[in-house]
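This report refers to the structure that appears directly beneath it.
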Amino acid sequence: MNENDSTTDKQETATRSGFVALIGAPNAGKSTLLNRLVGAKVSIVTHKVQTTRAMIRGIATHEQTQIVFIDTPGIFRPRRRLDKAMVTTAWGGARDADVIAFLIDAERGLKGDAEAILAGLKDVKQKKVLVLNKVDRVRPEALLELTAKATADVEFDRVFMISALNGSGCDDLMSYLSETLPEGPWYYPEDQISDLPMRNLAAEITREKVFLRLHQELPYSVHVETEQWEERKDGSVRIQQVIYVERDGQKKLVLGHKGGTVKAIGQAAREELSEILEQKVHLFLFVKVRENWSNDPERYGEMGLEFPT
């Protein structure tokens with residue numbers, strides 16, 4: 001073996017990589033935390049619960065470790081077919097990860113869905129860390145009480161108290177994960193921050209703008225697809241998307257008076273996409289009714305979900 005081969009071996013054994021699943025109840029702050037740790041927007045964030053539908057991987061590098069975060073859909077009591085697919089996907093992502101990070105909204109504590117997830121973690125064998133989010137809004141005594149309750153029946157390797165919004169405590173979490181993941185080569189190129197195709201990310205950004213604009217009025221059943229993506233000679237990109245709803249009344253809501261609502265949605269999405277792509281974006285939105293799309297197996301495949309039978 002020559003000197004160069006020896007150097008290569010040392011570099012390979014010095015690197016670490018692995019998968020960390022972010023699980024929690026809807027609106028625990030998983031998407032906000034993912035974007036914070038990756039350092040860029042890879043998952044949409046809205047006021048509306050259950051906006052993350054499929055597993056989204058965000059890729060971060062800390063020192064010599066590549067950490068692949070899996071932003072799973074919020075785990076909740078499923079009522080519909082789409083709900084069931086999302087919950088199954090979330091638990092599947094958790095069981096395939098090297099480390100599970102259970103995120104709790106410290107303000108809400110162990111109520112409802114969070115308590116049910118905690119019970120489900122008892123039988124999970126992977127390394128687990130407890131992450132209390134939004135700790136800046138809670139009294140220290142309440143945090144200690146919540147920690148004691150959460151760790152009473154489930155053994156966590158570490159407990160972290162963070163604010164995904166302002167970043168406090170996130171460096172400690174990153175340092176722990178970078179030291180904990182197994183040695184091995186990186187899965188993705190150094191400059192890659194997500195494995196989500198840009199067409200899909202563009203659709204997710206538009207869906208986020210729909211929810212931000214209509215989160216109080218619009219039902220959960222809205223889906224966005226990128227139908228066309230054309231790179232132009234002048235360096236700009238032309239994107240055509242369809243916003244699918246299930247009823248005519250929902251279509252009128254998304255369109256708004258004289259098309260004002262969909263125009264505002266398009267402008268907000270276009271501005272963000274231009275910033276992400278670093279090029280001029282021509283975005284064209286169409287609103288169509290696709291009745292009962294949430295029972296269509298093809299739509300589930302596009303979202304990266306298994307169609308529950």
Side-chain angles (χ1 to χ4, degrees), residues 20-39 41-53 55-56 58 60 69-79 83 86-87 90-91 93-94 99-122 124 128-177 208 211-218 220:
V20 177
L22 303 175
I23 69 168
N27 272 12
K30 298 183 301 299
S31 296
T32 302
L33 179 60
L34 176 69
N35 294 337
R36 165 72 60 180
L37 298 179
V38 171
K41 185 167 185 174
V42 294
S43 188
I44 67 173
V45 180
T46 78
H47 301 102
K48 201 173 185 69
V49 299
Q50 302 158 20
T51 47
T52 299
R53 288 177 175 164
M55 290 192 299
I56 296 171
F69 290 100
I70 305 169
D71 181 19
T72 63
I75 298 175
F76 52 97
R77 291 178 178 83
R79 296 183 178 86
D83 296 344
M86 288 161 58
V87 172
W91 278 116
V99 179
I100 296 172
F102 174 36
L103 203 65
I104 296 178
D105 180 337
E107 278 191 301
R108 286 157 55 190
L110 283 173
K111 296 178 182 176
D113 296 322
E115 193 170 24
I117 297 167
L118 187 64
L121 285 173
K122 290 179 183 179
V124 176
K128 297 180 286 291
V129 296
L130 176 65
V131 182
L132 302 184
N133 189 25
K134 307 178 186 178
V135 296
D136 50 326
R137 304 179 185 178
V138 182
R139 292 179 295 105
E141 313 88 75
L143 288 173
L144 292 174
E145 184 180 334
L146 176 58
T147 301
K149 186 184 288 188
T151 57
D153 296 321
V154 177
E155 186 177 343
F156 290 96
D157 293 87
R158 284 283 297 274
V159 177
F160 295 91
M161 299 191 181
I162 70 159
S163 168
L165 199 58
N166 66 33
S168 72
C170 291
D171 286 344
D172 290 339
L173 176 59
M174 285 290 281
S175 295
Y176 169 81
L177 293 173
E208 176 190 63
F211 281 148
L212 288 174
R213 182 83 183 186
L214 298 166
H215 70 95
Q216 291 181 329
E217 300 96 336
L218 191 69
Y220 184 60

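Residue indices begin at 1 and follow the sequence shown.
Heavy-atom minimum distance, Gly24 versus Ile117: C-CD1, 3.4 Å. Of all non-hydrogen atoms in Cys170 and Ala164, the two that sit nearest each other are SG-CA, 4.5 Å. Of all heavy-atom pairs between Arg108 and Ala28, the closest is NH1-N, 4.4 Å. Taking all atoms of both residues into account, the shortest heavy-atom contact from Val129 to Phe156 is C-CD2, 3.5 Å.
The line from CG of Asp157 to CG of Leu130 is 11.0 Å long, rounded to the nearest 0.5 Å. Rounded to the nearest 0.5 angstrom, Leu103 CG and Asn133 CG are separated by 5.0 Å. Rounding to the nearest 0.5 Å gives a distance of 10.5 Å between CD1 of Ile70 and CG of Leu34. Leu33 contributes atom CG, which lies 4.5 Å from atom CD1 of Ile162 (distance to the nearest 0.5 angstrom). Residue Glu115 holds its CD atom at 10.0 Å from CD1 of Ile104, rounded to the nearest 0.5 Å.
Salt bridge absent: Lys134 and Glu107 never bring a charged side-chain N and a carboxylate O closer than 4.0 Å.
Met161 pairs with exactly one of Leu173, Leu146, Thr147 by the side-chain contact (heavy atoms from CB on, under 4.5 Å) rule, that one being Thr147.
Environment of CG in Asp136: crowded, with over 12 heavy atoms of neighbouring residues, nucleotides or ligands closer than 6.0 Å. When the shell of 6.0 Å around CD of Glu141 is examined, it contains more than 12 heavy atoms from other residues, nucleotides or ligands.
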Can you check side-chain contact (heavy atoms from CB on, under 4.5 Å) on Leu143 and Val138, steps first, answer last?
-> CA-CA 7 Å; Leu143 288 173; Val138 182; 4.0 Å; yes
side-chain contact (heavy atoms from CB on, under 4.5 Å) between Leu177 and Phe69: does it pass, once the steps are laid out?
-> CA-CA 11 Å; Leu177 293 173; Phe69 290 100; 3.7 Å; yes
